[in-house]
Colleague: 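Below you will find the structure I want to go over with you.
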Amino acid sequence: MTERHVVRDHAEGKWKVVDASTGETESRTRTQAGAIAEAAAKARRTGGGDVFIHGFDGEVNEKRTVEPGT
């Protein structure tokens with residue numbers, strides 16, 4: 001199972017999806033909701049995992065577990 005984080009990129013004013021195992025940004029979106037959807041879709045495609053949603057302050061506000069999909 002993978003772990004992804006949805007965090008605010010304050011420099012660009014966007015939200016990004018970060019793969020916790022590599023620390024690499026996988027995608028950027030204009031909205032937090034868009035980043036959450038991207039993170040969940042990527043987790044679903046790669047065997048499921050956890051999505052940690054951070055707020056503007058950087059603190060984790062929510063954790064969602066995504067089941068593997070087809």
Colleague: Can you sort out the partners of Glu24 under salt bridge (Lys or Arg N to Asp or Glu O under 4.0 Å), two or more places apart, ordered by chain and number?
Modeller: none
Colleague: Restricting to side chain to side chain donor-acceptor pair (under 3.5 Å), what partner residues turn up for Ser21, sequence neighbours left out?
Modeller: Asp19
Colleague: With sequence neighbours excluded, tell me which residues meet side chain to side chain contact (heavy atoms under 4.5 Å, CB included) with Asp9.
Modeller: Ala11, Glu12, Lys16, Arg28
Colleague: Enumerate the ring-ring contact (aromatic ring centres under 6.0 Å, His included) contacts for residues 16-40, please, sequence neighbours excluded, ordered by first and then second residue.
Modeller: none
Colleague: Any pair with a residue in residues 30-40 that passes salt bridge (Lys or Arg N to Asp or Glu O under 4.0 Å), sequence neighbours left out, goes on the list, sorted by first then second residue, please.
Modeller: none
Colleague: Using atom types as modelled, flag every donor-acceptor pair under 3.5 Å from a side chain in residues 49-57 to any protein atom, sequence neighbours excluded.
Modeller:
residue	atom	partner	partner atom	Å
Asp50	OD1	Thr65	OG1	2.9
His54	ND1	Gly58	O	2.8
His54	NE2	His5	ND1	2.8
Asp57	OD1	Glu59	N	3.0

Colleague: Hey, quick one: are Val6 and Val66 part of the same hydrophobic cluster, counting side-chain heavy atoms closer than 4.5 Å, chains of contacts allowed?
Modeller: yes
Colleague: Between Val17 and Val7, is there a shared hydrophobic cluster once you connect ILVMFWY residues whose side-chain heavy atoms come closer than 4.5 Å?
Modeller: no
Colleague: Please enumerate all residues that pass side chain to side chain contact (heavy atoms under 4.5 Å, CB included) together with Ala41, with sequence neighbours excluded.
Modeller: Arg44, Arg45
Colleague: Output all residues satisfying salt bridge (Lys or Arg N to Asp or Glu O under 4.0 Å) with Glu26, sequence neighbours left out; order by chain, then residue number.
Modeller: Arg4
Colleague: Run the side chain to side chain donor-acceptor pair (under 3.5 Å) test against Arg64 and tell me which residues pass, sequence neighbours left out.
Modeller: Glu62
